[in-house]
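Notes for the one structure printed next.
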Amino acid sequence: MDVAKEKAQILDENGIRRTLTRIAHEIIEKNKGVENVALVGIRRRGVPLAERLAQRIKEIEGTEVPVGTLDITLYRDDLTTLSQQPQVHQTKVNFPLGDKTIVLVDDVLFTGRTARAALDALIDLGRPKSIQFMVMVDRGHRELPIRADYVGKNLPTSKKEVVSVQLKDIDNEDKVVITELPD
Amino acid sequence: MSLQSKHMLGLQHVSDEDIITILNTANAMKDIIKRKIKKVPTLRGRTVVTLFYENSTRTKTSFDLAGKYLSADTVGLSASSSSVQKGESLIDTARTVEAMGADVVVLRHPAAGSSKMLAENINCSVINAGDGVHEHPTQALLDMFTISEHKKDFKGLKVTIVGDILHSRVARSNIWGLTKLGAEVSVVGPATMLPPKMEKMGVKVYTNMEEALAGADVVNVLRIQLERQKQGLFPSLREYSRLYGINQERLALLKDDAIILHPGPMNRGVEIVSRVADSSQAVIEEQVTNGVAVRMALLYLLTGGEKVEDVN
């Protein structure tokens, strides 16, 4: 699968850990505590990131925030153009959204289309008080008017490059790397 | 993740991987049915036409709702109130709805092989919702999905299908699907209702109910089609009920955690007694919900994107 060449490592295990700790503090600060905050990870790598953030928040504040999982497949805007239907996974948000501030969590913010789909998917589950957005890496090249509230790393890239956030839970290793697609 | 064919004509020619893909997708779809807002925008702008030449409540409604929950536009046509009454042929009727922009035609027809013929003559996807005594794949898929929610694995699972096997498309589709996933399938019924050479489909054949039920994990009870009773396939409903009805004594022959399926509509007191139909082991209502989930999965998998090359 990985024919792309690794160009540079942006974050290592410690880098990811420190970034998540910083963002956990930012979430707590911005919301003046986490009483009505819940995290929702976007499949696939947003899910372990959301779980780690929840863990960090618990260490800092002593409060457990609910964590949900969002599968946005059915909300994609490119379903009519893909030649293969992507596999649908389960969405698991087992708490009422009504009075909550939801922090959507994803690994990479690129065109903004995933975030758009996630917003629609979330709003179909209920009416949260507000929605905030956290990403590990913002790599630019937005195609929609979307921005993140919490950013792990701003990373200017070319469109030929691929940013890959790798997490132990899925990839056996914690790191953020840039690779370049062959011409 | 798309299926190998753009049609769903029967389970005989569907691969086990495709069956598993459908069941996994149905699992995600079932969550949508349980939500307050039972709608996702996935099939916006797609059109599903149900073309029914036989009566049906649950299959037709189930396809209709499955399409609507995925935001497709659905239109129902029934033979009794359409140009079919004026003598229009099946293919002409289907071409007409295709010309109006249908992407999927769901067909129920009394002739075996009708959906295959339709698939060869029109460009949209065709889903077989029952063709004569041939196949009823979505019923079998929802039965299998229901089984998969209660049992860990199909491998070695003992499934007994009871009743009029001869006239049952549900039985045939179930046998194809279940044996592909490794289940041990038995059929049981009066000799007049068992087609010859059933063993070739890979099933065990019984006429004695007690032998067929011993140690079963799943029992699928078929409806006795009262309209066929005139053919004299069994002497009386009372005798059928006594010899092949599912009652509490027979329930005791099954594994303790066995489940009872019935495709509906039930003839209470004939093929199944009420105490069994309403017991905790009966999963008949779950089957109805799961039917919508399975049909959503199929509509999603068959209609998305550029048409996949047809292998049939």
Side-chain angles (χ1 to χ4, degrees), chain A residues 1 38 40-44 46-47 50 66-100 102 104 111-129 131 143-144 146, chain B residues 1-6 8 17-18 20-47 66-72 101 103-104 125 145 148-149 293-311:
Chain A
M1 170 198 151
V40 172
I42 301 174
R43 267 187 204 275
R44 196 167 164 216
V47 178
V67 180
T69 299
L70 203 61
D71 182 81
I72 57 114
T73 313
L74 295 169
Y75 291 84
R76 289 171 65 145
D77 59 6
D78 55 357
L79 286 174
T80 49
T81 56
L82 293 173
S83 62
Q84 291 266 307
Q85 287 293 58
Q87 186 169 1
V88 187
H89 292 279
Q90 275 183 299
T91 285
K92 284 185 191 140
V93 178
N94 302 322
F95 45 86
L97 300 180
D99 53 348
K100 293 229 161 44
I102 303 295
L104 272 174
T111 60
R113 286 179 194 268
T114 301
R116 197 281 311 160
L119 288 172
D120 277 354
L122 202 56
I123 284 164
D124 273 359
L125 297 175
R127 187 177 186 276
K129 196 165 126 254
I131 301 176
E143 293 170 5
L144 298 172
I146 293 222
Chain B
M1 264 309 135
S2 291
L3 306 179
Q4 285 168 22
S5 166
K6 70 170 182 177
M8 172 49 73
E17 290 94 0
D18 276 1
I20 290 166
T21 301
I22 296 165
L23 300 184
N24 286 341
T25 309
N27 199 27
M29 296 296 180
K30 191 173 179 180
D31 292 345
I32 296 168
I33 307 172
K34 293 186 197 148
R35 289 186 197 160
K36 258 192 208 154
I37 301 173
K38 294 187 277 288
K39 207 172 192 72
V40 292
T42 317
L43 297 187
R44 216 157 38 115
R46 305 261 173 184
T47 305
K68 288 186 156 85
Y69 293 160
L70 291 172
S71 298
D103 297 290
V104 182
S125 293
F145 179 50
S148 74
E149 288 189 313
V294 160
R295 288 169 181 124
M296 286 169 79
L298 261 186
L299 289 175
Y300 168 71
L301 292 167
L302 292 178
T303 58
E306 316 277 276
K307 294 300 180 204
V308 181
E309 287 244 303
D310 192 3
V311 292

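Lettering follows sequence order; numbering is per chain, from 1.
Here the CD1-CZ distance, from B:Ile37 to A:Arg127, works out to 11.5 Å after rounding to the nearest 0.5 Å.
Most heavy-atom pairs under 4.5 Å with chain B, from the set A:Asp77, A:Asp120, A:Leu74: that is A:Leu74.
In terms of heavy atoms, A:His89 sits closest to B:Ala28 at O-CB, 3.6 Å. A:Thr91 and B:Arg35 make their closest contact through CB-NH2, 3.9 Å (heavy atoms, listed as atom of the first residue, atom of the second, distance).
For B:Asp31, the part lying near chain A is the side chain, with the backbone staying farther off; criterion is any non-hydrogen pair under 4.5 Å. Looking at A:Ile123, only its backbone comes within 4.5 Å of chain B, counting heavy atoms on both sides. Within the 4.5 angstrom heavy-atom criterion, only side-chain atoms of A:Thr73, from C-beta onward, approach chain B. Heavy-atom distances place no part of B:Lys30 under 4.5 Å from chain A, backbone and side chain included.
Side-chain contact between A:Tyr75 and B:Thr42 is absent, with no heavy atoms from C-beta onward closer than 4.5 Å.
The local environment of NZ in A:Lys92 is sparse, with at most 12 non-hydrogen atoms from other residues, nucleotides or ligands closer than 6.0 Å.
When atom types are taken as modelled, the side chain of A:Gln87 and the backbone of B:Thr25 share no donor-acceptor pair closer than 3.5 angstrom.
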